[in-house]
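Following: one structure in structure tokens, then a few remarks.
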Amino acid sequence: MILAAPRVRFAPSPTGYLHVGGGRTALFNWLFARKTGGTLVLRIEDTDAERSTETHTQVILDGLRWLGLSWDEGPIFQGAEVERHRRDAERLLAEGRAYRCFCTREELEAQRKAAGGDTYKYDGRCDRLPGAEVEARMARGMPSVLRFRMPQEDIAWEDAVHGRISFHGRDLDDMVILRSDRTPIYNMAVVSDDIAMRITHVIRGDDHISNTPKQIALYQALGASMPVFAHVPMILGTDGKKLSKRHGDTAVADYQDRGIVPAAMRNFLALMGWSPGEDREIMTEAEMISLFSLEAIQKKPAVFDTVKLEWMNGQYLSGMPTPELVAPVVRELERMQVHFGGPHLLPPYIEAVKSRSRTLLEMAHRVAVRLDSRYVEIDDKGRKLRAKMGDGYVASLKVAIETLRAIEEGDWNGETIFEKLKARAEGGGMKLGDLLQPIRVALTGSTVSEPVNELLAVVGKSSAMARLTRAAERSW
RNA sequence: GGCCCCAUCGUCUAACGGUCAGGACACCACUCUUUCACAGUGGUAAUACGGGUUCGAUUCCCGUUGGGGUCACCA
């Protein structure tokens, strides 16, 4: 028997940006497709004409591309398929699986109120209308929707991540499948499309669990075979609530702006609700693909921890070849309006700071500090050191200025600087650290940098001297 | 509220009946480093609770509690 290659889809609606949950769902679909040699279809669910925009579609496509996710078919726009959705819905009507409902929104609201609120389901009154009455109302031009008659039986499936999940038809509504303007409702469109696209595995967020029995009923009524469903856990904010604007950044693009690199974002997202086992965390794309499986997906929701994301990003940054970092750093420097005299001058600066930076923003800022003293600001660590050393701080700076001034411009390199400073410290009976740390603070405002001699070399003599003098005067 | 899902350190997670409950982030201490970071070593920290089943439960079953999702002519 020939097993057909899996076909999966990622189906965002273009009513907003690509948020991290959506990115993660897309990533899981992509990993599954690549792992199994299957096909990933991108489908834009734009049937809500009110809220869907072309801009959002573009933003979502950009987000997917940024994450490095490619699709094999599409983007297919659901809006282009409404004829088929309508045909399928009307076939259900013709075969007696759906019925026409003439109730207006106001009537439905009144029914809901009369029934006492929350648990109201449509009572099926229009399903009991005699055929002649339906004909008469149609003839009069009364607007109507199509409702699906929900089978009153157990509806269950074997979920690839949760195991067996079951609902009962009595808890489900006779849902509308075709609006009065003859456009399809979400569940109808999705099932019609997934059948037409021969989707074999539906991998989507947990929030769709309650849609699944409704969709299964449609598959059955349409006589189509069911795909495998895999419901992946939600991503929550640090307060345990569904990730939303309240939590700050929720869009994939927000992390791009914060200087996260795609490989780190992708790796981190993969670990939200999935684990390859064996304590593996940092993985190449190829490793992720070969280790991926639906069975290893977590059932419980995951809290999005940006601190760990930034740590992971730092790991990626340290491991990236400097030439690859030039373009992103240039982009940030331009945004900061720093004059850096050409990309070819950047590598030594990037080399100096890359293992100490967690984001591209941080990296660019550190580079800017080395290029231009206007970006130097003393931070808490710097202030603390200054306070701790007291008068010794300025005294050290003066010794440093005197020592460094004596070095010829032509000898201004890491080795010579180191030798001179070391000799001066030893000769003056001071601890080398007490001489060096104030230099670091004067030059960068912080106690964190590459070795001080290298820092001095990279900043250059004239700027270094100016910074030291200024720091001695204003005593930081 | 009805229905559904879920429950291991603060967070991400490992364990698929027998482990001193492991790893990572964060935090603390130490080591390395002339100084910073990286790195390394060590430490604090978890099986929500109550019943079963079993020689033995993080693991299987039931209940409680807690959390989440969803209940439109939105998707």
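Chain naming here is simple, since letters A, B, ... match the order of the sequence lines and numbering starts at 1 in each. All heavy atoms count here, side chains included; hydrogens, waters and symmetry mates do not.
- Between Phe304(A) and Tyr255(A), the ring center distance clears the sub-6.0 Å criterion.
- The base of C73(B) lies close enough to the side chain of Ser180(A) for a donor and an acceptor atom to sit less than 3.5 Å apart.
- If you take atom P in C73(B) and the same atom in A15(B), they sit 44 Å apart, rounded to whole Å.
- Where Asp173(A) and Ala11(A) meet RNA chain B, the nucleotide closest to each residue was compared, and Asp173(A) sits on the side nearer the 5' end.
- With sequence neighbours excluded, the residues satisfying side-chain contact (heavy atoms from CB on, under 4.5 Å) with Arg86(A) are Val82(A), Glu83(A), Glu90(A), Leu178(A), Arg182(A).
- Between C71(B) and G10(B), the distance separating the two C1' atoms is 34 Å to the nearest Å.
- In this structure, Gln111(A) places its CD atom 13 Å from P of A72(B), rounding to the nearest Å.
- As judged by a 4.0 angstrom heavy-atom cut-off over every strand, Asn211(A) is placed among the base-contacting residues.
- Figure legend. U47(B) is base-paired to no nucleotide; pairs are counted as Watson-Crick or G-U wobble with both atom distances under 3.5 Å.
- At least one side-chain nitrogen or oxygen of Arg179(A) sits closer than 4.0 Å to the OP1 or OP2 atom of A75(B).
- Side-chain N/O atoms of Thr15(A) include none lying less than 4.0 angstrom from OP1 or OP2 on A75(B).
- The residues Glu153(A) and Arg170(A) are annotated as not salt-bridged, no charged nitrogen and carboxylate oxygen being separated by less than 4.0 angstrom.
- For Phe292(A) and Trp274(A), the gap between ring centers is short of 6.0 Å.
- Using a 4.0 Å heavy-atom cutoff across all strands shown, Ser357(A) reaches no nucleic acid atom at all.
- Only the C1' atoms considered, C28(B) is 23 Å distant from A21(B), to the nearest whole Å.
- When the P atom is compared between U65(B) and C49(B), the two are found 16 Å apart, to the nearest whole Å.
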All N/O contacts under 3.5 Å from nucleotides 18-25 of chain B to the protein, with atom names and distances to one decimal?
{"from": "G22(B)", "atom 1": "N2", "to": "Asp279(A)", "atom 2": "OD1", "distance (Å)": "3.1"}
{"from": "G23(B)", "atom 1": "O4'", "to": "Asp279(A)", "atom 2": "OD2", "distance (Å)": "3.4"}
{"from": "G23(B)", "atom 1": "N2", "to": "Glu281(A)", "atom 2": "OE2", "distance (Å)": "3.4"}
{"from": "A24(B)", "atom 1": "O4'", "to": "Glu281(A)", "atom 2": "OE1", "distance (Å)": "3.4"}
{"from": "A24(B)", "atom 1": "O2'", "to": "Glu281(A)", "atom 2": "OE1", "distance (Å)": "2.6"}
{"from": "A24(B)", "atom 1": "O2'", "to": "Lys308(A)", "atom 2": "NZ", "distance (Å)": "3.4"}
{"from": "A24(B)", "atom 1": "N3", "to": "Lys308(A)", "atom 2": "NZ", "distance (Å)": "3.0"}

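- Residue contacts shown for Val145(A) include a base, since a base heavy atom lies under 4.0 Å away.
- Taking the side chain of Ser275(A) as heavy atoms from C-beta on, and the options A75(B), A14(B), C5(B), the nearest nucleotide is A14(B).
- Counting to the nearest Å, the P atom of A72(B) and the CZ atom of Phe148(A) are 17 Å from each other.
- In this structure, Tyr17(A) and His19(A) have perpendicular ring planes: the angle between them is above 60°, well past the 30° mark.
- In this structure, Glu310(A) reaches neither bases nor backbone, as no heavy-atom distance under 4.0 Å exists between it and the strands shown.
- Atom CD of residue Glu285(A) and atom CG of residue Leu31(A) lie 8.5 Å apart, to the nearest 0.5 angstrom.
- With Tyr349(A) as the aromatic partner, Arg370(A) does not meet the cation-pi criteria of under 6.0 angstrom to the ring centre and within 45 degrees of the ring axis.
- Contact annotation for Gln315(A): backbone-only contact, meaning every heavy-atom pair under 4.0 Å involves sugar-phosphate atoms and none involves a base.
- Nearest to the side chain of Lys299(A), among C6(B), U70(B), C12(B), sits C6(B).
- The cationic group of Arg149(A) does not satisfy the cation-pi geometry with Tyr99(A), failing either the under 6.0 Å distance to the six-membered ring centre or the 45° limit from the ring axis.
- Protein atom CG of Asp159(A) is 14 Å distant from nucleotide atom C1' of G69(B), rounded to whole Å.
- Spacing between U41(B) and C4(B) at atom C1', rounded to whole Å, works out to 48 Å.
- Here Ser166(A) lies in heavy-atom contact (under 4.0 Å) with sugar-phosphate atoms only.
- The pair Arg147(A)-Asp127(A) does not meet the salt-bridge criterion, since no charged nitrogen lies less than 4.0 angstrom from a carboxylate oxygen.
- Here Met272(A) lies in heavy-atom contact (under 4.0 Å) with sugar-phosphate atoms only.
- Comparing the P positions of C9(B) and G52(B) gives an interatomic distance of 25 Å, to the nearest angstrom.
- Using a 4.0 Å heavy-atom distance criterion, Asn453(A) is classed as a base contact.
- When heavy atoms are screened at a 4.0 angstrom cut-off, Gly273(A) is found touching the sugar-phosphate backbone but no base atom.
- Nearest nucleotide to the side chain of Val303(A), out of C74(B), C12(B), U35(B): C12(B).
- At a threshold of 4.0 angstrom between heavy atoms, the contacts of Phe167(A) are confined to the sugar-phosphate backbone, with no base atom among them.
- Residue contacts shown for Arg280(A) are absent, as no nucleic acid heavy atom lies under 4.0 Å away.
- One finds no side-chain N or O of His208(A) lying less than 4.0 angstrom from the OP1 or OP2 phosphate oxygen of G69(B).
- The P atoms of C25(B) and G40(B) are separated by 9 Å, rounded to the nearest whole Å.
- Taking the charged nitrogens against the carboxylate oxygens, Arg51(A) and Asp48(A) do have a contact shorter than 4.0 Å, which makes a salt bridge.
- Checked for salt-bridge contact, Asp206(A) and Lys299(A) miss the test: no charged N lies under 4.0 Å from a carboxylate O.
- Listed pair Lys121(A) / C3(B) fails the phosphate criterion, with no side-chain N or O lying under 4.0 Å from OP1 or OP2.
- Within 4.0 Å (heavy atoms only), Lys300(A) reaches sugar-phosphate atoms of the nucleic acid but no base atom.
- Here Phe268(A) lies out of heavy-atom contact (under 4.0 Å) with every strand.
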What does the list of N/O pairs under 3.5 Å between the protein and nucleotides 66-68 of chain B look like, with a distance for each?
{"from": "G68(B)", "atom 1": "OP1", "to": "Lys241(A)", "atom 2": "NZ", "distance (Å)": "2.2"}

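- One can place CZ of Arg24(A) at 14 Å from C1' of U13(B), the figure rounded to the nearest angstrom.
- Proximity of a side-chain donor or acceptor of Glu426(A) to a complementary backbone N or O of Ala423(A) within less than 3.5 Å is not detected.
- A salt bridge is defined here as a Lys NZ or Arg NE, NH1 or NH2 lying under 4.0 Å from an Asp or Glu carboxylate O, and Arg424(A) with Glu419(A) fails to meet this definition.
- Taking atom C1' in both G69(B) and C62(B), the straight-line distance is 24 Å, to the nearest Å.
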